[in-house]
Amino acid sequence: MPELPDVEVFRQYMNKKALHRTIKQVQILEDTILEGTTAKQLKSRLEGRAFDSTFRHGKHLFAKVTENGWLVFHFGMTGRFDYFRGNKTPEHTRAVFSFTNGYSLAFLLQRKLGKLALVDGKAEYRKKHGLGPDAMDKKFSLADFREALKDTNSTIKSALMNQELMAGIGNIYSDEILFQARLHPKTNTKELGVRQIDKLYQTTREVLQAAIDSGADPEKMPDNFLIPQRKKSCPVCGGDIKKITVSGRSAYFCPNCQKKPSS
DNA sequence: CCTATAGCCTGACGGC
DNA sequence: TGCCGTCAGGCTATAG
């Protein structure tokens, strides 16, 4: 699930539930999710401290640890949080942060494709992973969007999902953005005119914002969104949705509404 | 530079 | 019911 809107919702959840509480205990149930740190180090640097604030960049969530750097969450394909009371950890819990109030924040990963890291600065982590600007950052302007796509010669779907160009968009939301922009996923970036690029920027921002406003819940998304019914029929024309492979990922689109400029 | 593929992991689903 | 292949909202390394 976790693309930019989902991670933003997780951030809000963490803010609401787990900020400013003293961390009594850290438990790592799955060492393989640790990136550049150890269970021992996490315990020594987190226990007795608290999460002061959160920051999201693309699909990554950073939680500020009082005077002690940042804990970084990456949710892989199946990650999420669960703030629960007591000792019974939810299924698929890989790490638990227990607070002095008797509640705990569980970091869940069904498949173990997520990561947990501890870093001194957000910038260094971003640099190390080659992450471009956050797709929803206020400072990520139309000019930046044009610049990001300028030197690429790939399918537009692939470009939108390229975390080096802009961070946060994955397989599902790239499909939604291209559906709303009425662009075929295999359109080459070079085929797009200035007007289309500009429109795509607006659409990208609108789709991501609408998803965040919906709590990243397909049931609450606008009626014209493809996501809730991407394996069924087009919410606009009612036609059949087609599935093709683009950049090694499944792309769902409406052949009637989304045509390549050249065809 | 770009695309395709495999691998990392687990679970759900469809076909037989 | 059971087994098997396929696929899944991410990312990385490698090959062509």
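All chains are named by letter (A, B, ...) in the order of the sequence lines, taking the proteins before the strands, and each is independently numbered beginning at 1.
For A:Glu124 and A:Lys127, the salt-bridge test fails: no basic side-chain N is under 4.0 Å from an acidic carboxylate O.
The side chain of A:Arg230 places an N or O atom within less than 4.0 Å of a non-bridging phosphate oxygen (OP1 or OP2) of C:dG9. Taking side-chain N and O atoms only, A:Tyr252 has a distance below 4.0 Å to OP1 or OP2 of C:dA8. Using a 4.0 Å cut-off, no side-chain N or O of A:His92 falls inside it from OP1 or OP2 of B:dC9. Note on A:Lys59: a side-chain N or O is less than 4.0 Å away from OP1 or OP2 of C:dC11. Close to B:dC8, at under 4.0 Å from its OP1 or OP2, lies no side-chain N or O of A:Lys112. Here A:Ser158 reaches the OP1 or OP2 of B:dT3: one of its side-chain N or O atoms lies under 4.0 Å away. Using a 4.0 Å cut-off, no side-chain N or O of A:His129 falls inside it from OP1 or OP2 of C:dC11. In this model, the phosphate group of C:dA8 is approached by a side-chain N or O of A:Ser250 to a distance below 4.0 Å at OP1 or OP2.
B:dT10 and C:dT1 have their C1' atoms separated by 22 Å, given to the nearest Å. When the P atom is used for both B:dG14 and C:dG9, the distance is 16 Å, rounded to whole Å. For B:dA12 and C:dC11, the P atoms lie 23 Å apart once the distance is rounded to whole Å. Rounded to the nearest Å, the gap between the P atom of C:dC4 and that of B:dC9 is 22 Å.
Counting any heavy atom pair closer than 4.0 Å across all strands shown, A:Thr78 reaches no nucleic acid atom. Within the nucleic acid shown, A:Lys243 comes within 4.0 Å of sugar-phosphate atoms alone, with no base atom in reach, counting heavy atoms only. Across all strands, A:Thr155 comes closer than 4.0 Å only to sugar-phosphate atoms, never to a base (heavy-atom distances).
Note: CE (A:Met161) to P (B:dA4) measures 11 Å, nearest angstrom. In this structure, the CG atom of A:Asp6 is 14 Å from the C1' atom of C:dA8, given to the nearest Å. Going from atom CZ of A:Phe225 over to atom C1' of C:dG9 covers 15 Å, rounded to whole Å. Atom CG of A:Asn162 is separated from atom C1' of B:dT3 by 13 Å (rounded to the nearest Å). In this structure, CZ of A:Phe179 is placed 18 Å from C1' of C:dG9, rounded to the nearest angstrom. With rounding to whole Å, A:Leu109 atom CG is found 20 Å from C:dA8 atom P. Atom NE2 of A:His57 is separated from atom P of C:dC11 by 12 Å (rounded to the nearest Å). The interatomic distance linking A:Leu108 (CG) with C:dG9 (P) rounds to 20 Å, in whole Å.
No side-chain N or O of A:Glu191 forms a donor-acceptor pair with one of A:Thr187 less than 3.5 Å apart. Counted by atom type alone, A:Ser53 and A:Lys64 present zero donor-acceptor pairs between their side chains at under 3.5 Å. Donor-acceptor pairing under 3.5 Å is lacking for the side chains of A:Gln202 and A:Asp198. A:Asp144 and A:Ser141 share a side-chain donor-acceptor pair at under 3.5 Å. No donor-acceptor contact under 3.5 angstrom links the side chains of A:Lys24 and A:Asn101, judged on distance only.
The nucleotide whose nearest atom lies closest to any side-chain atom of A:Asn171 is, among C:dC11, B:dC9, C:dG9, C:dG9. Listed nucleotides C:dA8, B:dG11, C:dC11 differ in distance to A:Gln110; the shortest reach to its side chain belongs to B:dG11. With distances taken from any side-chain atom of A:Glu3 to the nucleotides C:dG9, B:dT10, B:dC2, the minimum falls on C:dG9.
With the 3.5 Å cutoff on both pairing distances, Watson-Crick and G-U pairs in DNA chain B assemble into runs of at least 3 at B:2-8 with C:10-16, B:10-16 with C:2-8.
Within 3.5 Å, no donor on the side chain of A:Asp175 pairs with an acceptor on the base of C:dG9, nor the reverse.
For the pair A:Lys122 and A:Phe55, the cation-pi criterion (under 6.0 Å, within 45° of the ring axis) is fulfilled.
Ring centroids of A:Phe75 and A:Phe81 are separated by less than 6.0 Å, placing the two rings close together.
The residue among A:Ala216 and A:Lys128 whose nearest nucleotide of DNA chain C lies closer to the 5′ end is A:Ala216.
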Q. Going through the checks in order, is the side-chain hydrogen bond (donor to acceptor under 3.5 Å, both in side chains) test met by A:Arg11 and A:Thr54?
A. CA-CA 7 Å; A:Arg11 191 185 72 80; A:Thr54 56; 3.2 Å; yes
